[in-house]
Amino acid sequence: MGKPVYVTEPFLPPLDELQVYLKDIWESKCLTNNGKYHQELEKALCDYLEVKYISLFTNGTLALVTALQALQITGEVITTPFSFVATTHALRWNGIKPVFVDIEPNSYNIDPAKIESAITPQTTAILPVHVYGNPCNVQKIKKIADTFGLKVIYDACHTFGVKISGSPVLNFGDLSVMSFHATKVYNTFEGGAIVSHDEATKKRIDDLKNFGFEDETTVVTAGINAKMNEFQAAMGLLQLKYINGAIEKRKQIAGQYMDLLKNINGLTCQSDLQGVKYCYSYFPVLIDRNKFGKTRDEVYEELKKYNIFGRRYFYPLISQFPIYKGLDSALPGKMPVAEKIAGQVICLPIFPGLDETQIKHICGIIHDFALKKE
Ligand SMILES: Cc1ncc(COP(=O)(O)O)c(C=O)c1O
């Protein structure tokens, strides 16, 4: 049956290269608090990602919570139900009411055409997600935000190095939030960041993630502890050395899947948007039961029989979890596209260590299953 293949496997650099950093950390005894590697990584990421300011965090969720604090967002925020639950939880942790809006059928991102009707006098911001690394329609979202005086915070946790027509997607919106969790294209074990565009905002974020300390004796705000430590930062510096190769490998895998899955009736791979440079963080496919002959859940279970563990990201929708399903915007039938995609999607394994034999094996199981009569 072979060893289990999970939806992802973290990319890890050679251990002996990390040991050089560890030795240095041991000698310096500087483990955290804006240490040498933290400072180096902020600079290196700004260069690599072509953004002006980055504030490193211990994880993406605390970065989301802090981004909302930094812009003093209150009241209601318009967001997508098709994401990892942390997107909406970050609103809850700030006492903000999430207002869910349906997604687009091609990008699976929040549908800008449906945002305006969800705006109320309490709306202060939009929190879209570039889901699976597909950029949102940033121009249309900007136009709506400008017209109604709303802030835009992008959840860019799936979006490492993604560009639209040569422009980094992280430069759109007031802030973008990243995750460097083990499951992501670029990982620091756990980690995260906020991208900002001016020095004052960067400073406010940096104060907020460090208990509100401005200097040794001055506390300027009720901050939290969300700092990235030196071990994570060292890991991040080392990962940057290998990131281009890792993304290139993901691109090849996505191409192989596209090729091997292209002629299956009822199975749809997500097509690339024009002019986008991707990071290939996920490989979602949709299973249309009427044409494929089996449900998405049956495909998921069939793969499991062969020790292949796809994931039904993002099912259930965030709006279907008990804590959110009582909201008006979460009522069944209000988000038909999101409901349909959540019922059909399965993300297939994609990570740099996945080899061609494994890809052919996964696609072979899906082909055979499509042909199998009950
Ligand atoms: C879209 C999205 N937002 C937020 C998060 C939270 O990030 P973290 O796990 O680094 O806290 C994740 C994933 O983990 C995510 O996929």
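Whatever order the structure lists ligands and atoms in, that order sets their numbers, starting from 1. All values below come from the heavy atoms of this structure, side chains included, with hydrogens, waters and symmetry mates left out. Index from 1, following the sequence.
A salt bridge does not link D198 with K202: every distance from a Lys NZ or Arg NE/NH1/NH2 to an Asp or Glu carboxylate oxygen is 4.0 Å or more. Here E356 pairs with K360 in a salt bridge; the nearest charged N to carboxylate O distance falls below 4.0 Å. For E199 and K52, the salt-bridge test fails: no basic side-chain N is under 4.0 Å from an acidic carboxylate O. Salt-bridge annotation for D297 and R312: present, with a side-chain N of the basic residue lying under 4.0 Å from a carboxylate O of the acidic one. Ion pairing between a basic and an acidic side chain is recognised when a charged N comes within 4.0 Å of a carboxylate O; E50 and K163 show such pairing.
Under a cutoff of 6.0 Å and an axis angle of 45°, R250 and F283 do not form a cation-pi pair. Remark: K251 is not positioned above the aromatic ring of Y278, lacking an NZ or CZ atom under 6.0 angstrom from the ring centre and at most 45 degrees off the axis. Cation-pi geometry between K294 and F369 is met: under 6.0 angstrom from the ring centre, within 45 degrees of the axis.
Scanning the protein heavy atoms around atom 16 (O) of ligand 1, the nearest turns out to be H158 NE2, 2.8 Å. The protein heavy-atom contact nearest to atom 5 (C) of ligand 1 is F84 CD2, 3.7 Å. Of all protein heavy atoms, the one lying nearest to atom 13 (C) of ligand 1 is K184 NZ, 2.8 Å. When only non-hydrogen protein atoms are considered, atom 3 (N) of ligand 1 lies nearest to D155 OD2, 2.7 Å.
With a 4.0 Å cut-off on non-hydrogen atoms, T61 touches ligand 1 through its backbone as well as its side chain.
Each of the atoms 1 (C) of ligand 1 lies under 4.0 Å from some heavy atom of S83. Of all atoms in ligand 1, listed by their number and element, those nearer than 4.0 Å to a heavy atom of T87 are 3 (N). Close approach of ligand 1 to G191 is summarised as follows: ligand atoms under 4.0 Å from at least one heavy atom of the residue are 10 (O).
For ligand 1, the polar-atom distance check against E190 finds no nitrogen or oxygen pair separated by under 3.5 Å. In terms of N/O distances under 3.5 Å, ligand 1 is not approached by Y282. Every N/O-N/O distance between H181 and ligand 1 stays at or above 3.5 Å. Considering both main-chain and side-chain atoms, G60 comes within under 3.5 Å of ligand 1 through a nitrogen or oxygen pair.
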